[in-house]
There are 2 protein chains.
Amino acid sequence: MAEQPKQGQPRPIPPRRPLTLRDVSEKSGVSEMTVSRVLRNRGDVSEPTRQKVLLAARELGYVPNRIAGALASQRVNLVGVVIPSLSNQVFPEVLQGISDVLEESGLQPVIGVTRYSQAREEEVLYEMLSWRPSGIIVAGLEHSEASRAMLAAAGIPVVEIMDVNGTPVDSMVGISHDLAGRRMAEAILKAGYRRIGFLGTKMPDDHRARKRMEGFEAALRDAGLAVQARDFYDGGSALQKGREMTAALLKSHPDLDFIYCSNDMIGAGGLLHCLEQGMDVPGEIGLAGFNAIDLIQGLPRRLATMDSCRREIGRRAAEIITAARSGKALSRQVIELEPAILPGDTIRRA
Amino acid sequence: MAEQPKQGQPRPIPPRRPLTLRDVSEKSGVSEMTVSRVLRNRGDVSEPTRQKVLLAARELGYVPNRIAGALASQRVNLVGVVIPSLSNQVFPEVLQGISDVLEESGLQPVIGVTRYSQAREEEVLYEMLSWRPSGIIVAGLEHSEASRAMLAAAGIPVVEIMDVNGTPVDSMVGISHDLAGRRMAEAILKAGYRRIGFLGTKMPDDHRARKRMEGFEAALRDAGLAVQARDFYDGGSALQKGREMTAALLKSHPDLDFIYCSNDMIGAGGLLHCLEQGMDVPGEIGLAGFNAIDLIQGLPRRLATMDSCRREIGRRAAEIITAARSGKALSRQVIELEPAILPGDTIRRA
DNA sequence: ATGAAAGCGCTAACAA
DNA sequence: TTGTTAGCGCTTTCAT
């Protein structure tokens, strides 16, 4: 049963058992404990010993086993991040903000995707909490009872992000989507538009889009007006849907003078349609979206939109986690950011 | 030192120690071992016992500790996925394919982002391997020596994806970007275009974009032609950059009759520019991109492009991992997918 | 069908 | 500065 290096054979995956600290200890002639100290830069180790250990570890190709480490130390450098989708353009940017901050603290984001389903969210949270992360960042304030219970009982910082219209389990960082809708409505009314349509997503669980719409309608009501026409989409290319829905809306309601879209992609599609029809934008018809995504920079007109502060939200949320971890026992923070209106070229200047 | 609920104070993080199997065991009056069996659906447990345990676990809000479980069982339901970026539209779709397949097998993807840096990739891989995942999926074939060594020594299935122009550490699933560039060049030449320009990304480490360009140029050379003009971009809105770079390219080389872009966003920007200038697309000038992203469905013309098979690549890669895990000891698979040309409306019909 | 004992690979706490 | 000991919370294995 002696090991027999077969030369000339394509090297198979090494059947070796994974290396342990003990292997490094034996190879370097230093105790496991000291090896552990060197590998974690902890405690005082003499420079010669340090070098011996480092060399042995490198030569063996040792990769520490964090599972054992985490169990022994009761510390995990993981932060759970739970978001509805990765294909939404918006969430990767939040993630960017999060990982920018976490990286500095040696924390690692672990991403879970819920597909806008509370049931799936519950599963994802359960799965994440079972790894005993140092904190959880989760999009939105609407969760199942079980999810809220898990989060509250986890004994770690929990930050709910993107939205502040509701009651958080622990901390929250976001914008008021109700206010965002209202503000946009006010800007539109101030610019003189009166016959207003709405295009949105059908997603029954996109609570933030819903809140924007509700805020928008509330502001119109305050001015004695109402949305004249609306339509909702579900799936497919948002740009194409924006085109089609705008075309349909203007056909059934030719007198509309503004269309408020629940996101920039829909708005961009609408804008392309209107321009191709030779309509005067923003004179004859105005348009607005939401999010301020990068894309709108390249459109024929800069679509009016609102900054959703995604990156900043990510940064702030991550900072709450890192602060809590380094002992600054605060928690229960509530941070409301101010979404700015970017009027672009698709709303008449007042 | 009695606990003293301070009312009116913001509730601090619950100081309770996390629950363990023992807590469930005590509450249910069943041994830890049997509790463990129930919670994992393993072995034979009588129905009454089962119910007792489940009830106790639910009432306590017990979440198992996977760290301990993984250490004891030497099994981890994690699969590392290492990609260059999340903001590229393309990678989230690969991820979608991956998680569709993994989900069925109870495996969980863990995402790492390299920002197109090999040094960062090395760190990310080290970090991931330290969690002893059941497999690793990594984008691209170009890695540092240390990364390749780590992957080879990890003793788990490794799948390199997106590209097949190179030698994998273990398995690979992707398309030939060299071939993709060639095929597009051939289609363009066949349609009668001769004065061809190129717009790409500056990213020095986007090897796949580079290989496409090289294949493209090789095919032109075979036809006795060469790229007449080229430009590269870096950062910012790709749509806007596509616009600007196309404008600049056509200004300095007004006789170009085709522009091949290294991705659809650049191509879309170019298309919008050309149409706004009143140019005849595809008669006067043709355009093509790469990836077949959703967005192009909503453009004024369907941009010519090539399907990069992202979803399928993700699925196949994940299947290799799940197959290896369920004992079907294969490994070392090489799967080359065929990228189809989608001529759209921006290449003249032959 | 259920339980008891051993130990996964590492680190905290203490000893030398 | 270095080493020893005793677990971390669970699962494997074997006994009952």
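Note on naming: letters A, B, ... go to the chains in the order of the sequence lines (proteins, then strands), and numbering restarts at 1 for each one.
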Could you tell me, to 10°, how much the axis swings from one end of the helix from C/dA1-D/dT16 to C/dA16-D/dT1 to the other, five pairs per end?
30°
Measure the distance from CZ on A/R42 to C1' on C/dC10 and round it to the nearest whole Å.
13 Å
Positions of residues 65-74 of chain A (non-hydrogen atom under 4.0 Å from DNA chain D), listed by number
A/L71, A/A72, A/Q74
Test item: side-chain donor near acceptor, B/D170 and B/Q333, under 3.5 Å:
no
Interatomic distance, B/L21 CG vs D/dT12 C1' [rounded to whole Å]:
14 Å
Consider side chain to side chain donor-acceptor pair (under 3.5 Å). Of A/Q118, A/E160, A/R148, which one does A/H143 pass it with?
A/E160
Under-4.0 Å side-chain N/O to phosphate OP1/OP2 contact, A/Y62 with C/dG9:
no
Polar atom pairs (N or O), protein with nucleotides 2-6 of chain D, under 3.5 Å:
residue : atom : partner : partner atom : Å
D/dT2   : OP1  : A/S46   : OG           : 3.0
D/dT2   : OP1  : A/T49   : OG1          : 2.6
D/dT2   : OP2  : A/S46   : N            : 2.9
D/dG3   : OP2  : A/S31   : N            : 3.1
D/dG3   : OP2  : A/S31   : OG           : 2.8
D/dG3   : OP2  : A/T34   : OG1          : 3.0
D/dG3   : N7   : A/R37   : NH1          : 3.3
D/dG3   : O6   : A/R37   : NH2          : 2.5

Is it true that B/R315 and B/E312 have a side-chain N and a carboxylate O under 4.0 angstrom from each other?
no
Residue-phosphate contact under 4.0 Å: B/S36 side-chain N/O, D/dT11 OP1/OP2
yes
Measure the distance from CZ on A/R17 to P on C/dC10 and round it to the nearest whole Å.
10 Å
Under 4.0 angstrom between B/R40 side-chain N/O and D/dT12 OP1 or OP2
yes
